[in-house]
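Reading through the structure tokens given below for one structure.
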Amino acid sequence: MLKHIPKTFTPDLLKLIMEMGHGETILISDGNFPQKAVSSKNIKSEIIYMPVCDISDLLKDILHFFPLDYAVECAAFAMEVLQENQRYGEYKNLIESNGSKLELVERFKFYELAENAAGIIVTADTTRGGNILIKKGVVTNDDMIII
């Protein structure tokens with residue numbers, strides 16, 4: 001274990017987000033997402049299973065370390081159906097507080113976007129349409145902690 005690392009992080013998750021480059025996306029999926037079908041179209045996509053039951057908490061922890069891509073209009077995508085529940089507001093606030101926008105897309109368009117994800121984090125969350133794609137931005141010297 002390390003100090004200051006969220007309990008929601010596993011070594012595999014930390015490795016994945018550290019290895020990703022700018023412009024690459026990561027999918028945080030609910031437990032019902034068809035990740036086998038989506039990942040079969042992108043054999044390079046790394047799959048990580050996390051027994052986390054709340055994607056919002058995991059997203060908050062990831063965004064503490066993960067810069068969103070500021071070179072695009074929207075660095076986060078969710079399914080339109082998400083707008084029907086409170087998670088939409090949680091995701092929207094987290095993304096906007098990190099300098100980007102959350103775009104809602106039709107379910108099958110979301111699946112197409114997910115096919116290009118560098119990694120898929122499969123959670124135990126059962127929120128209907130609770131999946132979210134986030135696009136990594138650039139880390140600058142200002143983001144680095146010098147000890």
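Bear in mind the structure is a predicted one, so any value in this text is a computation, not a measurement.
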Practice problem: Give the intermediate values and the outcome of side chain to side chain contact (heavy atoms under 4.5 Å, CB included) for residues Asn32 and Asn131. | Solution: CA-CA 9 Å; Asn32 293 305; Asn131 315 291; over 6 Å; no
Quiz item: Taking it one step at a time, do Ile121 and Val52 satisfy side chain to side chain contact (heavy atoms under 4.5 Å, CB included)?
Solution: CA-CA 10 Å; Ile121 304 166; Val52 176; over 6 Å; no
Practice problem: Step by step, work out the side chain to side chain contact (heavy atoms under 4.5 Å, CB included) result for Leu13 and Thr8. | Solution: CA-CA 9 Å; Leu13 175 58; Thr8 53; 5.8 Å; no
Self-check item: Stepwise side chain to side chain contact (heavy atoms under 4.5 Å, CB included) test for Ile55 and Thr127
Solution: CA-CA 9 Å; Ile55 290 175; Thr127 300; over 6 Å; no
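The shortest distance between side-chain heavy atoms of Leu113 and Leu27 does not fall below 4.5 Å. Using a 4.5 Å cut-off on side-chain heavy atoms (C-beta onward), His22 and Tyr70 make no contact. Between Asp125 and Arg87, some side-chain heavy-atom pair lies under the 4.5 Å cut-off. Here the side chains of Ile26 and Lys136 are not in contact, with every heavy-atom distance at 4.5 Å or above. Put simply, the side chain of Asp69 does not reach to within 4.5 Å of the side chain of Thr25, judged on heavy atoms. Proximity of Asn85 to Glu90: side-chain heavy atoms (C-beta onward) are nowhere separated by under 4.5 Å.
Rounding to the nearest 0.5 angstrom, the gap separating the CD1 atom in Ile5 from the NE2 atom in His64 is 8.5 Å. Summarising the geometry, atom CD1 belonging to Ile120 is positioned 9.0 Å from atom CG belonging to Leu133; distances are rounded to the nearest 0.5 Å. Once rounded to the nearest 0.5 Å, the distance linking CZ of Phe77 with CD1 of Ile95 reads 10.5 Å. Interatomic distance, CG of Leu94 versus NZ of Lys60, reported as 7.5 Å (0.5 Å rounding). To the nearest 0.5 angstrom, Lys7 atom NZ is 12.5 Å from Asp57 atom CG. Once rounded to the nearest 0.5 Å, the distance linking OH of Tyr111 with CD of Glu115 reads 11.0 Å.
Cluster annotation: Ile28 and Leu14 are assigned to the same hydrophobic cluster (Ile/Leu/Val/Met/Phe/Trp/Tyr, side-chain heavy-atom contacts under 4.5 Å, transitive). Taken together through direct or relayed side-chain contacts under 4.5 Å among Ile, Leu, Val, Met, Phe, Trp and Tyr, Met50 and Phe66 form part of one hydrophobic cluster. Under the 4.5 Å side-chain contact rule for hydrophobic residues, Tyr88 and Ile134 share a cluster. Phe33 and Ile48 fall into different hydrophobic clusters, where Ile, Leu, Val, Met, Phe, Trp and Tyr residues are linked whenever their side-chain heavy atoms come under 4.5 Å apart, directly or through other members. Both Phe9 and Met20 sit in one connected hydrophobic cluster of ILVMFWY residues. Membership requires side-chain heavy atoms under 4.5 Å apart, directly or through other members.
For the residue pair Asp12/Thr10, the side-chain donor-acceptor check at 3.5 Å is not satisfied.
The shortest non-hydrogen separation linking Ser29 to Thr123 is O-OG1, 2.7 Å. Nearest heavy-atom pair across Arg128 and Glu84 is NH1-OE1, 2.9 Å. Shown here for Glu106 and Glu80, the closest heavy-atom pair between the two residues is CA-OE1, 3.6 Å. The two atoms that bring Phe110 and Ile132 nearest to each other are CZ-N, 4.0 Å, heavy atoms only.
Looking at Ser100, its side chain does come within 3.5 Å of a backbone N or O of Ala75 through a donor-acceptor pair. In this structure, the side chain of Tyr91 engages the main chain of Gly130 through a donor-acceptor pair within 3.5 Å. Judged purely by atom type and a 3.5 angstrom limit, Asp30 has no side-chain atom pairing as donor or acceptor with the backbone of Thr126.
Within a 6.0 Å sphere centred on CZ of Phe65, heavy atoms belonging to other residues, nucleotides or ligands number more than 12.
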